[in-house]
Amino acid sequence: MSTNDDKVQAYIETLGLRAKAAARLLSGATEDQKNIALKVAAESLRRRTNDLIAANDADVKAAQEAGKPESFVDRLMLNQARIEGMAKALDEIAELPDPVGRKLAHFNRP
């Protein structure tokens, strides 16, 4: 494995550990706290759109240089409309009732 691969692996492991710690914190959050977090995340996406697009440009160029298929590059590419779509989706999720602790469906299988 190359040094770059080691760095990527270490970064991914760090992200995983941070996500696990965040999940423990969020498990005790109230509906209002979760909705505020979703709205703050949406606003952060909107506020940092230009930064995200600039960083994404480097990722897209690297994927193109690596010979990735055009369909892969297209899914990777961010633009203002895609980022706004992500932010809007977060806003919409915040408006939904919190499903945690609710029975959403019940089925009896034969």
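The residues of the chain are indexed from 1 along the displayed sequence. The figures here come from the full heavy-atom set of this structure, side chains too, leaving out hydrogens, waters and symmetry mates.
- M77 and F72 fall within a single hydrophobic cluster, where Ile, Leu, Val, Met, Phe, Trp and Tyr are joined by side-chain heavy atoms under 4.5 Å apart, directly or via other members.
- To the nearest 0.5 Å, atom CG of residue D98 and atom CG of residue N35 are 7.0 Å apart.
- Proximity of L96 to E92: side-chain heavy atoms (C-beta onward) are nowhere separated by under 4.5 Å.
- The CG atom of L52 sits 7.5 Å away from atom OG of S44, with the distance rounded to the nearest 0.5 Å.
- Nearest heavy-atom pair across L90 and A42 is CD1-N, 3.8 Å.
- For the pair K39/E95, a side-chain contact is recorded, criterion being any heavy-atom separation below 4.5 Å from C-beta on.
- In the hydrophobic clustering of this structure, M86 groups with I53; members are Ile, Leu, Val, Met, Phe, Trp, Tyr whose side-chain heavy atoms approach within less than 4.5 Å, directly or through other members.
- In summary, D74 and R82 engage in a salt bridge, as defined by a charged side-chain N under 4.0 Å from a carboxylate O.
- Of the possible donor and acceptor atoms, one in the side chain of N56 sits under 3.5 Å from a partner among the backbone N and O of L76.
- Cluster annotation: I83 is not connected to V40 through the hydrophobic network of ILVMFWY side chains, with a link wherever side-chain heavy atoms come within less than 4.5 Å.
- With rounding to the nearest 0.5 angstrom, the NZ atom of K34 is 12.5 Å from the CD1 atom of I36.
- In this structure, the separation between NZ on K7 and CD1 on I12 is 14.5 Å, given to the nearest 0.5 Å.
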